[in-house]
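The structure under discussion appears below in the form of structure tokens.
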Amino acid sequence: MKRNFFKYLFCTLAAILTLASLTGCKDDEDDTSNALEGTVWMRKTSDNTSFRNVRSYYEIMYFTKNKVGVYPLDKDKKIIGRLSYDDYKIVKGKLYIGNSVAINWTDESIYCDFDYYRVYPPFIYFLP
């Protein structure tokens, strides 16, 4: 009886370890886990910025699974259009947007020609 129990326990542990080792392997070249998906980043624009003759007070970057959109906002922080919509990827912890070189980013800021800061209202909050 004891012998069968230990044999069963050993086989179960061996199966679990084998499964864990197979699913735990991953290529670090392309980081498919996406820390930015669903996040919104904002910056204040300069005093004379406009989009289609509407004064833009802020800009946001919104990250989906593999795209990032840049949207100007009016004085009520509502989207008035879309400036760009590019592919992005994270490789070895570095952020690449479109054809750009690695972009400096942390959990709270992204520098992409301007400093963008993480904001926590969801994207839907900015829709008109």
Side-chain angles (χ1 to χ4, degrees):
M1 181 86 170
K2 269 187 174 181
R3 187 177 217 184
N4 287 341
F5 173 75
F6 287 117
K7 185 178 179 181
Y8 174 76
L9 181 64
F10 176 76
C11 289
T12 303
L13 287 175
I16 290 171
L17 290 174
T18 302
L19 184 61
S21 68
L22 291 175
T23 59
C25 294
K26 131 180 171 167
D27 185 9
D28 287 336
E29 285 297 315
D30 293 321
D31 187 2
T32 56
S33 65
N34 194 342
L36 294 175
E37 184 176 354
T39 62
V40 179
W41 303 75
M42 180 182 286
R43 80 171 185 95
K44 183 156 180 35
T45 58
S46 64
D47 291 339
N48 60 356
T49 304
S50 65
F51 179 80
R52 296 184 182 155
N53 297 322
V54 177
R55 173 88 164 81
S56 173
Y57 292 82
Y58 298 92
E59 249 176 42
I60 60 169
M61 291 191 335
Y62 174 62
F63 290 84
T64 62
K65 184 171 183 167
N66 56 3
K67 297 273 189 185
V68 58
V70 178
Y71 304 89
L73 305 178
D74 65 12
K75 64 181 175 164
D76 298 322
K77 294 185 180 174
K78 299 299 179 189
I79 293 173
I80 53 177
R82 182 170 67 197
L83 296 173
S84 66
Y85 194 64
D86 293 309
D87 292 329
Y88 77 95
K89 61 185 174 183
I90 298 171
V91 178
K92 292 187 178 179
K94 295 184 180 179
L95 172 64
Y96 297 84
I97 297 177
N99 295 324
S100 69
V101 294
I103 294 169
N104 294 326
W105 72 293
T106 66
D107 290 339
E108 293 301 320
S109 69
I110 293 176
Y111 181 78
C112 180
D113 295 330
F114 302 100
D115 280 319
Y116 288 82
Y117 297 95
R118 175 93 185 259
V119 293
Y120 291 93
F123 181 69
I124 196 166
Y125 169 83
F126 300 100
L127 295 176

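Just so it is clear, the structure is predicted and the values come from calculations on it, not from any experiment. The figures here come from the full heavy-atom set of this structure, side chains too, leaving out hydrogens, waters and symmetry mates.
Residues that satisfy the salt bridge (Lys or Arg N to Asp or Glu O under 4.0 Å) test with Asp86, not counting sequence neighbours, are absent from this structure. In this structure, the side chain to side chain donor-acceptor pair (under 3.5 Å) partners of Thr49, at least two apart in sequence or on a different chain, are Ser46. Partners of Ser56 according to the side chain to side chain donor-acceptor pair (under 3.5 Å) rule, which considers only residues two or more places apart in sequence or in another chain, do not exist here. With sequence neighbours excluded, the residues satisfying side chain to side chain contact (heavy atoms under 4.5 Å, CB included) with Tyr58 are Met42, Lys44, Leu73, Lys77.
With hydrogens and angles ignored, the 3.5 Å screen pairs no side-chain donor or acceptor of Ser50 with any backbone N or O of Asn53.
To the nearest 0.5 Å, atoms CD1 (Ile110) and CG (Leu36) are separated by 5.5 Å.
Here ring-ring contact (aromatic ring centres under 6.0 Å, His included) pairs that include residues 81-110, with residues two or more places apart or in two chains, are Phe63-Tyr88. The ring-ring contact (aromatic ring centres under 6.0 Å, His included) analysis of residues 107-128, with sequence neighbours excluded, yields the pairs Tyr62-Phe123, Tyr71-Phe123.
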Where do Arg55 and Asp74 land on the salt bridge (Lys or Arg N to Asp or Glu O under 4.0 Å) test, with the steps shown first?
CA-CA 6 Å; Arg55 173 88 164 81; Asp74 65 12; over 6 Å; no
Between Asn66 and Lys89, does the side-chain contact (heavy atoms from CB on, under 4.5 Å) criterion hold? Intermediate values first, please.
CA-CA 7 Å; Asn66 56 3; Lys89 61 185 174 183; over 6 Å; no
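Of all heavy-atom pairs spanning Lys78 and Leu127, the tightest one is CD-O, 3.4 Å. Listed here is the closest heavy atom pair of Val68 and Met61: CG2-CB, 4.1 Å.
The neighbour count for Ile124 CD1, taken as heavy atoms of other residues, nucleotides or ligands under 6.0 Å away, does not exceed 12. With a 6.0 Å radius and a threshold of 12 heavy atoms from other residues, nucleotides or ligands, Asn99 has its CG atom at or below the threshold.
Taking the charged nitrogens against the carboxylate oxygens, Arg43 and Glu59 do have a contact shorter than 4.0 Å, which makes a salt bridge. Under a 4.0 Å N-O distance rule, the pair Asp107/Arg118 does not qualify as a salt bridge.
Under a hydrophobic-cluster definition in which Ile, Leu, Val, Met, Phe, Trp and Tyr are linked whenever side-chain heavy atoms come within less than 4.5 Å, directly or via other members, Trp41 and Ile90 are assigned to the same cluster.
A 4.5 Å side-chain heavy-atom check between Leu83 and Pro72 finds at least one atom pair inside the cut-off.
Shown are Val70, Ile103, Leu95; of these, the side-chain contact (heavy atoms from CB on, under 4.5 Å) with Cys112 is made only by Ile103.
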